[in-house]
Protein chains: 2
Amino acid sequence: MTKIKEGYKNEKEIFLEHIQKAGLRRTAQRDLILEIFLKTEEHLTSEDLYWLVQKQDPSVGHTTVYRTLKLLTEAGLAREVRFGDNKTYYEHHYNHEHHDHLICTECGKVVEFFSPEIEAMQDATAHKFGFVPTHHSLRLWGICEDCQQTTHESHPSMASGAQPRVRVKTVVGS
Amino acid sequence: MTKIKEGYKNEKEIFLEHIQKAGLRRTAQRDLILEIFLKTEEHLTSEDLYWLVQKQDPSVGHTTVYRTLKLLTEAGLAREVRFGDNKTYYEHHYNHEHHDHLICTECGKVVEFFSPEIEAMQDATAHKFGFVPTHHSLRLWGICEDCQQTTHESHPSMASGAQPRVRVKTVVGS
DNA sequence: TTTTCAATGCGAAGCATTTCCATTATCGGC
DNA sequence: GCCGATAATGGAAATGCTTCGCATTGAAAA
């Protein structure tokens, strides 16, 4: 039991706990999907994960990946995010700080940020209207530094609000 | 030209202007769809609008409603909103203050709010990361006052994050 | 009025996601 | 270690929202 794997181990334990508590069963597919999910960088779709899983076990189907991602979300290991392209992306949730997203409308770059001030004001706003806040989603769109400097030919794939396939992840605390 | 209709008139003018500027054509269908859209309360899907239009002109098809809503959005008369149920809702945009949404996870009630402080901090955050902000989406989920008081049987239709059909609109400035 | 080409509306296609269901596999109990 | 109940799987089919293709219609410039 090396020190390095401890992070993974914990998440696997969380998963097992959730599985047992819900009266579900541990399967090789779920183990594999979790393992591969844990190794990824953030913001991948069920489809993305499906292809990664395929490489190791071509017998796994789309359906199982969808179902397992939902399971991981329930277990608190994954979080669903949408960027407006009608796809559901997933990112790590357990042991990861909560954050919001800043998205470049030109190149699709995604910057993750966290602002305690904004968080506090959101909670205050919810309470002001009598709500007990549970969660939220804040997305800011704009043009990133790089894209401001290049000539204004917007990418064809972005023309009608479409999002690019590749996302640059940049985690910045604040 | 009565005073009362001036608001509508303006929006129709905006639409015509947009139509002409883009080299498009004015049609009876577009006029009808705009007219009905203007009369609605907020947060309706293309499908919702389609049925309203059907009542007055059964010959109009889904496609035209979709296309026209997109047109209205480009013209700045409508705004697309998503509440997480994979449907695109539209709300009035022209002559309506920008606002964000507070959504009850129990009954689906939607409260619209505006917080200049949060807006300012969002812009500041974008700039901090070198972005020129264009637009944003902020949604807060929680349990509304009414639902906090009732017993905790969550509505079946909301069980897996589904959204209700009927939305209560409440505009509150702040 | 003629001409041009945008707009329409139907059905079909796309796309992400879910459902169906027969088959397979887990896991508690014997 | 073997059974048996039943959860899980995966492939195909279905779903729900949205868009496309295309033949036809119609707006508006000439």
Side-chain angles (χ1 to χ4, degrees), chain A residues 15-34 43-51 53-54 56-75 78 80-90 157 159-163 165, chain B residues 15-16 18-34 43-51 53-54 56-75 78 80-90 157 159-165:
Chain A
F15 186 55
L16 279 182
E17 227 170 84
H18 177 78
I19 290 273
Q20 284 161 1
K21 229 181 287 177
L24 308 176
R25 291 170 184 174
R26 181 180 186 185
T27 67
Q29 290 93 330
R30 287 174 174 173
D31 279 359
L32 177 61
I33 292 169
L34 171 58
H43 305 154
L44 81 175
T45 64
S46 182
E47 181 76 4
D48 295 337
L49 187 51
Y50 168 75
W51 287 114
V53 170
Q54 277 289 302
Q56 298 208 207
D57 182 352
S59 76
V60 176
H62 280 98
T63 317
T64 302
V65 178
Y66 272 104
R67 283 188 286 228
T68 304
L69 275 173
K70 198 149 276 181
L71 214 54
L72 294 182
T73 303
E74 286 167 23
E80 297 187 350
V81 208
R82 296 182 200 221
F83 295 108
D85 59 351
N86 272 333
K87 285 183 190 176
T88 305
Y89 291 82
Y90 290 86
S157 65
S160 54
Q163 298 294 317
R165 315 239 142 249
Chain B
F15 186 55
L16 279 181
H18 179 77
I19 289 273
Q20 285 161 0
K21 229 181 287 176
L24 307 177
R25 289 170 186 174
R26 180 180 187 184
T27 68
Q29 290 92 330
R30 287 175 175 172
D31 279 359
L32 177 62
I33 293 170
L34 171 58
H43 303 156
L44 81 175
T45 64
S46 183
E47 181 77 4
D48 296 337
L49 186 51
Y50 169 75
W51 287 113
V53 170
Q54 277 289 303
Q56 298 209 208
D57 182 351
S59 75
V60 176
H62 280 99
T63 318
T64 302
V65 179
Y66 272 104
R67 283 188 285 227
T68 304
L69 275 173
K70 198 148 276 178
L71 214 53
L72 294 182
T73 303
E74 287 166 22
E80 297 187 351
V81 208
R82 297 185 197 218
F83 294 108
D85 59 352
N86 273 332
K87 285 183 189 174
T88 305
Y89 291 83
Y90 289 85
S157 66
S160 54
Q163 299 293 318
R165 316 239 140 248

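Just the heavy atoms: all of them, side chains too, but no hydrogens, waters or symmetry mates, feed the values below.
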Original post:
With B/Phe15, which residues qualify under ring pair (Phe, Tyr, Trp, His ring centres under 6.0 Å), at least two apart?
Top reply: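 Listed in chain order: nothing, the list is empty.
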Subject >> Verdict with reasoning, B/Thr68 to B/Gln29, per side chain to side chain contact (heavy atoms under 4.5 Å, CB included) >> reply: CA-CA 9 Å; B/Thr68 304; B/Gln29 290 92 330; 5.9 Å; no
Nearest whole angstrom, please: distance from the [atom2] of [N] to the [atom1] of [X].
X	N	atom1	atom2	result
B/His18	C/dA6	NE2	C1'	14 Å
B/Phe15	C/dA7	CZ	C1'	12 Å
A/Ile33	D/dA8	CD1	P	13 Å
B/Glu80	D/dC17	CD	P	15 Å
A/Glu47	C/dC15	CD	P	11 Å
B/Gln54	C/dG9	CD	C1'	11 Å
A/Asp85	D/dC17	CG	P	18 Å
B/Gln20	C/dA7	CD	C1'	16 Å

From [X] atom [atom1] to [Y] atom [atom2], the distance as rounded to the nearest 0.5 Å:
X	Y	atom1	atom2	answer
B/His18	B/Leu72	NE2	CG	8.5 Å
B/Leu24	B/Lys21	CG	NZ	12.0 Å
B/Leu44	B/Tyr50	CG	OH	14.5 Å

**OP:** Take A/Ile19 and A/Leu71 through the side chain to side chain contact (heavy atoms under 4.5 Å, CB included) test and state the conclusion after the steps.
**Re:** CA-CA 9 Å; A/Ile19 290 273; A/Leu71 214 54; 4.0 Å; yes
Original post:
Looking only at side-chain N and O atoms, does B/Arg30 come under 4.0 Å of OP1 or OP2 in C/dA6?
Top reply: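 Looking at the OP1 and OP2 atoms of C/dA6, neither is under 4.0 Å from any side-chain N or O of B/Arg30.
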Original post:
Under 3.5 Å, side chain of B/Arg30 to main-chain N/O of B/Arg25, donor-acceptor pair present?
Top reply: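 Yes.
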**OP:** Would you confirm whether B/Asp48, through its side chain, and B/Thr45, through its main-chain N or O, come within 3.5 Å as a donor-acceptor pair?
**Re:**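 Yes, the answer is positive, given that a donor and an acceptor are paired below the 3.5 Å cut-off.
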Original post:
What does nucleotides 18-23 of chain C look like as a protein-contact string, B for base, S for sugar-phosphate only, - for none, at under 4.0 angstrom between heavy atoms?
Top reply: BB----
Original post:
Where along nucleotides 24-30 of chain C does protein come under 4.0 Å, by heavy atom, of base (B) or sugar-phosphate alone (S), with - for untouched nucleotides?
Top reply: -BBS---
**OP:** Ignoring hydrogens and angles, state whether a donor on the side chain of A/Glu80 or A/Tyr89 is under 3.5 Å from an acceptor on the partner side chain.
**Re:**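 The criterion, which ignores hydrogens and geometry beyond distance, is not satisfied for A/Tyr89 and A/Glu80.
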**OP:** Would you mind telling me which residue lines up with the more 5' stretch of DNA chain C, A/Thr88 or B/Tyr50, judged by nearest nucleotide?
**Re:**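 The answer here is B/Tyr50.
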Original post:
Looking for any heavy atom pair under 4.0 Å, which part of the strands does B/Ser59 touch: base, sugar-phosphate only, or nothing?
Top reply: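 B/Ser59: backbone/sugar contact only, no base atoms under 4.0 Å.
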